[in-house]
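Inspection log for the structure reproduced underneath, given as structure tokens.
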Amino acid sequence: MPGQLLVRFILLQKRLLQKGGFLLMLFLAPLLAAGVGRLSEEPAGIATIALYLPEGDAAAQEISERLLKDKGVLRYLPCEDGEQARRMAETGEADAAWIFSEDFSERIEELAERRRVRPVVTVVERKESVSLILGREILSAAIYPSFSYAVYAGFVRDELGLAEMTDEELRRVYDRVAVEGSLFQMVYADETPGESEDFTYVQAPLRGILAIWFTFVGLAASLYFMQDEERGVYGRVPASRRLSVSYLAGAAFLLDGALVLLLSCKLAGVFTDWKREAASCAVFAACVLAFSNLLRMLCRTPRRLGMLFLPLLAAMLTLCPVFLNLPYFKAGKLLLPPWYYLQSIHNTRYLYEMAAYTAVLVLASTVWQRVQSRRS
């Protein structure tokens with residue numbers, strides 16, 4: 001029996017790979033992923049900042065390294081002087097200009113010791129926007145370590161009376177007691193721990209798009225099966241065994257789709273690790289298989305199933321965390337396989353919930369199959 005199933009599965013694979021539409025569906029995902037991965041490496045951002053930092057100032061150069069070393073949502077254009085940066089902001093070549101003062105280190109020390117309050121950075125903006133508000137937060141975060149060290153050095157020398165300590169000794173002690181890692185821990189609304197991803201804003205929605213694409217691969221498998229039923233391909237298969245045969249036919253689709261999904265995540269740069277990705281993808285494939293087959297049985301005709309495609313697409317884009325993660329409509333989210341998959345990448349709890357949801361779908365399909373068999 002297992003040998004016959006394997007032979008049928010191989011024949012289904014051979015038949016699928018001869019379908020141009022199926023091959024096109026498979027190739028679209030890695031092409032999109034490769035394009036997004038390439039785009040994420042290009043210098044781009046939601047705002048462009050004309051940046052001027054004085055060359056001879058050590059503190060300003062440290063901040064320059066903090067700003068430029070990490071890929072983020074801002075794009076920086078180095079300028080030779082403050083006037084050039086200001087001009088670029090005024091003429092629209094940049095959304096804003098950040099002009100560091102020539103005596104930046106001295107001003108930071110004055111601010112730390114509360115001797116004088118002078119601006120350390122001049123910010124020139126064409127207009128107020130959400131991206132520039134975020135930019136100011138990024139700028140403040142880059143300046144804070146220098147300010148923090150200046151406060152620390154002033155306290156040690158003035159308050160503790162250790163004025164003889166050199167900058168090298170102060171820096172060594174300061175770095176030794178510095179807090180490593182993040183001061184904040186990400187948790188979900190149900191207080192279970194989660195993990196954040198270090199992706200650019202360009203890459204962020206891609207996994208959600210791929211999850212929706214994979215769901216439609218499963219729906220396409222059910223649609224092909226229904227069309228084959230109408231042509232009499234499964235005419236000799238008893239009605240009581242149609243569900244298991246549909247699972248086998250859909251598995252041929254989803255095996256190829258799962259391999260493409262993993263490859264696409266790798267190409268796009270959103271891949272985590274093989275163990276986590278393989279486990280989530282395997283359970284997700286089983287969930288999509290059960291979900292699409294239950295919809296097939298409920299719709300009963302290819303036309304009705306096809307009419308669900310657009311509403312399902314709208315629901316998944318809205319309720320699943322692809323572009324936005326809305327805190328509402330929890331009941332609707334729990335009905336959509338991509339929601340479980342996208343959560344399971346960060347938290348294994350949702351992997352078990354997706355497995356339980358798959359079992360419920362299989363049970364519902366089995367019950368519905370028996371009901372239909374008795375009616376016929």
Side-chain angles (χ1 to χ4, degrees), residues 19 21-22 24-29 32-33 36 189 204-230 242-243 246-247 249-251 253-254 256-258 260-261 264 280-281 283-345 350 353-369 371-372:
K19 292 181 178 291
F22 178 69
L24 179 62
M25 182 183 295
L26 290 183
F27 281 122
L28 282 176
L32 173 64
V36 170
L206 185 66
R207 186 184 291 276
I209 294 173
L210 290 173
I212 294 175
W213 165 85
F214 188 76
T215 304
F216 275 94
V217 171
L219 293 171
S222 293
L223 198 58
Y224 272 112
F225 182 81
M226 296 172 80
Q227 291 172 347
D228 286 342
E229 276 188 316
E230 290 184 345
R242 289 285 175 89
L243 182 60
S246 69
Y247 282 152
F253 271 78
L254 292 174
D256 297 335
V260 171
L261 175 62
S264 300
S280 294
C281 186
V283 180
F284 183 40
C287 188
V288 168
L289 184 60
F291 178 79
S292 57
N293 271 284
L294 180 59
L295 285 181
R296 172 187 65 81
M297 297 169 66
L298 294 174
C299 292
R300 303 185 66 175
T301 65
R303 183 174 178 274
R304 291 177 183 172
L305 182 60
M307 290 174 62
L308 283 180
F309 278 25
L310 282 179
L312 274 175
L313 175 62
M316 288 187 285
L317 286 173
T318 304
L319 300 180
C320 297
V322 179
F323 299 100
L324 296 173
N325 191 4
L326 300 176
Y328 313 107
F329 310 109
K330 184 66 178 291
K333 295 177 180 180
L334 294 176
L335 298 176
L336 301 173
W339 185 83
Y340 293 96
Y341 169 69
L342 295 174
Q343 302 288 351
S344 69
I345 293 296
Y350 294 95
E353 290 189 2
M354 182 163 55
Y357 178 54
T358 303
V360 171
L361 291 172
V362 172
L363 179 61
S365 300
T366 304
V367 171
W368 187 255
Q369 176 71 26
V371 171
Q372 291 298 106

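Both backbone and side-chain heavy atoms feed into the values below; hydrogens, waters and symmetry mates do not.
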Is any side-chain heavy atom of [X] less than 4.5 Å from a side-chain heavy atom of [Y]?
X: Tyr340; Y: Leu334; value: yes
X: Trp213; Y: Val260; value: yes
X: Glu229; Y: Arg296; value: yes
X: Cys320; Y: Lys333; value: no

Can you check whether Cys281's main-chain N or O pairs, donor with acceptor, with Tyr341's side chain at less than 3.5 Å?
->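 No, Tyr341 side chain to Cys281 backbone: no donor-acceptor pair under 3.5 Å.
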State whether the side chain of Ser344 and the backbone N or O of Tyr350 hold a donor-acceptor pair below 3.5 Å, judged by distance alone.
->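 Judged by distance alone, no pair lies under 3.5 Å.
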Before giving the answer on side-chain contact (heavy atoms from CB on, under 4.5 Å), spell out for Leu261 and Val217 the whole-Å C-alpha distance, their side-chain angles and the decisive distance to 0.1 Å.
-> CA-CA 11 Å; Leu261 175 62; Val217 171; over 6 Å; no
Could you pull out the closest heavy-atom pair between [X] and [Y], with the gap in Å?
X: Pro321; Y: Gln343; result: CG-NE2, 3.9 Å
X: Val322; Y: Leu342; result: CG2-CD1, 4.5 Å
X: Tyr247; Y: Ala290; result: CE2-CA, 4.2 Å
X: Gly332; Y: Leu319; result: C-CD1, 3.8 Å
X: Pro338; Y: Met316; result: CG-SD, 3.5 Å
X: Met354; Y: Pro337; result: SD-O, 4.3 Å

Quick one: [atom1] on [X] to [atom2] on [Y], what's the gap to the nearest 0.5 Å?
X: Arg300; Y: Leu305; atom1: CZ; atom2: CG; result: 13.5 Å
X: Phe225; Y: Ser292; atom1: CZ; atom2: OG; result: 11.0 Å
X: Met307; Y: Thr301; atom1: CE; atom2: OG1; result: 9.0 Å
X: Met226; Y: Ser246; atom1: CE; atom2: OG; result: 10.5 Å
X: Cys287; Y: Leu361; atom1: SG; atom2: CG; result: 5.5 Å

Leu298 vs Arg304, side-chain contact (heavy atoms from CB on, under 4.5 Å): CA-CA, chis, key distance, verdict = CA-CA 9 Å; Leu298 294 174; Arg304 291 177 183 172; over 6 Å; no
With side-chain contact (heavy atoms from CB on, under 4.5 Å) as the test, would you mind laying out the steps for Phe291 and Leu312 before giving the verdict?
-> CA-CA 12 Å; Phe291 178 79; Leu312 274 175; 4.3 Å; yes
Give me the ring orientation class for Phe309 and Phe216: parallel if the planes are under 30° apart, tilted from 30 to 60°, perpendicular past 60°.
->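 The arrangement is perpendicular - the two ring planes meet at more than 60°.
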Ring center gap for Phe214 and Phe284 short of 6.0 angstrom |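 Yes.
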Start with the C-alpha distance between Ser222 and Leu295, add both sets of side-chain angles, then the distance that settles side-chain contact (heavy atoms from CB on, under 4.5 Å), and finish with yes or no.
-> CA-CA 9 Å; Ser222 293; Leu295 285 181; over 6 Å; no
Just do the side-chain hydrogen bond (donor to acceptor under 3.5 Å, both in side chains) check on Ser365 and Asn293 with the steps written out, would you?
-> CA-CA 7 Å; Ser365 300; Asn293 271 284; over 6 Å; no
